Amino acid sequence: MIATLTMKSKEERTVKSISFKPVGQFEETRFEKIHNVIFEDSNEASIKVAQEIAALIRKKQASNKNCVLGLATGSSPIRVYEELVRMHQEEGLSFSNVVTFNLDEYLPMDSDNHQSYWYFMHEHLFNHIDIPRENIHIPDGTIASEFAIDYCLAYEKAIKQFGGLDFQLLGIGRTGHVGFNEPGSHYNSGTRVITLDHITRIDAAPAFLGIDNVPRKAITMGIASVMSAKRIVLLGWGQNKADIIKKTVEGEISSHVPATYLQHHKNCTFVLDTGAGIELTRNKTPWLVDESLEWNESLTAKAMVWLCGETNKSILSLTDKDYNDNGMSGLLRAQDSYDLNIKMFNRLQHTITGWPGGKPNADDTYRPERAKPAKKRVIIFSPHPDDDVISMGGTFDRLVEQGHEVHVAYQTSGNIAVSDTDALRYAEISKRISPSKEAQKIIDAIKEKKESSFDSLEVRKLKGNIRRGESYAATRYLGLQDENVHFLDLPFYETGTIKKNNLSEDDIQIVMKIIKEIQPHQIYAAGDLADPHGTHKVCLDAVFEAIKRLKTEPFMNDCWLWLYRGAWHEWDVNEIEMAVPMSPSQVLKKRNAIFAHQSQKDGVMFQGEDSREFWMRAEERNKNTAARYRALGLSDYAAMEAFVRHRFD
């Protein structure tokens, strides 16, 4: 099972056992106040959590007792539920003695609405196991306001009647909420109606196809309800959770970050992937935790870039005192600061190139890309129909201008990101140009669509064609021929809903096919892993698996894989292996290519918390990358796009 804690007081907390191997064994430092373990990926971590739950269920069965589980919704526990279902179907795990209480539900919300947590739990778990229906408890999203208080008290009473929660599974929101206990929630709060924070509603907006459709209220179990559980496991996946994980694990207990109350729990573990744990002090700045570190090249680069930021100095300006004063004296044991500074400066200088496909007839010893062949075949994999120009539009332009054979492969149709308003406008234009029953059918389907319903196949096709047309407009603007633009329409995406299927063999075969046909020297793919269940992650997994299977093909010996980041994050400077500078005119050209994706401008459906349009975010990010290089004492450019080379074993 995941580390079990016994604790009479905070000072007496000890790790009782860890029966699995995380990335780094937990060592309680002066920074960390909650036990946590970190895995390479969320899939392995989810399986371990499911195994702990299964072990608890079996233990209770052996004693002829109920197992009372507090359950969470959202993307974080999906893989846990999948593994529990697998164990039921393949290993005979019975849920006949299990009683469940869900954390929360939107209000108002009908149970048959596809966005309801009742629907979520039945789709992901309850419909596939043998749990007695009367043992399932999910807050009622249809309860009238005048009955809400009595209903919430009855929900609390039911938990106590079953002996309390044996195990509580949690996710964490970017506001620090657990359940829907938003900032300001009291430690002693019980089940109640709560008004949702704006950030919480923004995060939920994609599932509801826009923030205007997200309910403003919810029913949630309270902090006291959660804290009463005998065992708590909180799941945290992806870099977008890293900041709130750090605040929760290392910060002071505060109602402004309700998850920090978990610091008081005697048997709580945070189970994280590397992205979610990246901001913890022992990971971000381990030299502040352990002065006896073994300094490898990667850690040295990370520390020196951080030190420049702390001291507000360029690399070549760092002194012995700077290193000693900031916990990095170990670096000076084998060499002095002057040698360290020169090596790091040269390393970063060698990442900068205006020739992303390699500079012909040049010494490539210290260049990020090979000089030969001078003209390369290139595939740019784009998860959505605009990630290519948003994330690497300047590099895309350079590759085409420098004569390489560039292909763009759009992995998904992106149809769910087209609003009904845009689709209706196109359908009505089509009808005016050429009146038809098909056009009228689409118009009627959009006008009659209910909030909880899915798009018809015809509407989805129209929305997909809108994205295709915009993609052609962008690639033509950058000088790419239409025959070099490929629409893969990977099946995992084509569900018509926000929830996508898992990666399938068909998806992998489609990606393998285009790689085999083009036999590229370079592959570019989106390496944005903020959401492990998101489209970018599935698309990258498809590329990884395809390359893994094709490794024995002769052409793969000359194929390099470069990863770019999506619209939300950029690589850290110490990670960057190729930085492609952009002139002011190239920045403008990239902006115009992004403008071609008109359906994603002016009120884009999946805006996130950042109200800026994608072109504004992209420009700001590219300018910031250039500014960071400049601050380190390197060349001054208007903007830069960054890449990391992925190497397969």
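Because the structure is predicted, anything quoted here is derived from the model rather than measured.
The aromatic rings of H264 and Y187 lie perpendicular to each other, with more than 60° between the two planes, well past the 30° mark. Below 30°, between 30° and 60°, or above 60°: for Y106 and F180 the angle between ring planes is between 30° and 60°, a tilted geometry. Using a 30° and 60° split on the angle between ring planes, F120 and H124 fall in the tilted class, from 30° to 60°.
One finds the CG atom of N501 at 12.0 Å from the CG atom of L490 (value rounded to the nearest 0.5 Å). We find the CD1-CZ distance between I232 and F167 to be 9.5 Å, quoted to the nearest 0.5 Å. Atoms CD1 and CG, from I245 and D243 in turn, are 10.0 Å apart once rounded to the nearest 0.5 Å.
No salt bridge links D197 with R201; every basic N to acidic carboxylate O contact stays at or beyond 4.0 Å. Between K284 and E279 there is a salt bridge, since at least one side-chain N of the basic residue sits less than 4.0 Å from a carboxylate O of the acidic one. Salt bridge present: K449 and D420 bring a charged side-chain N and a carboxylate O closer than 4.0 Å. Comment: E91 engages R86 in a salt bridge, judged by a side-chain N to carboxylate O separation of less than 4.0 angstrom.
No donor-acceptor contact under 3.5 angstrom links the side chains of D273 and S42, judged on distance only.
Remark: K500 qualifies as a cation-pi partner of Y493 under the 6.0 Å distance and 45° angle criteria applied to the six-membered ring.
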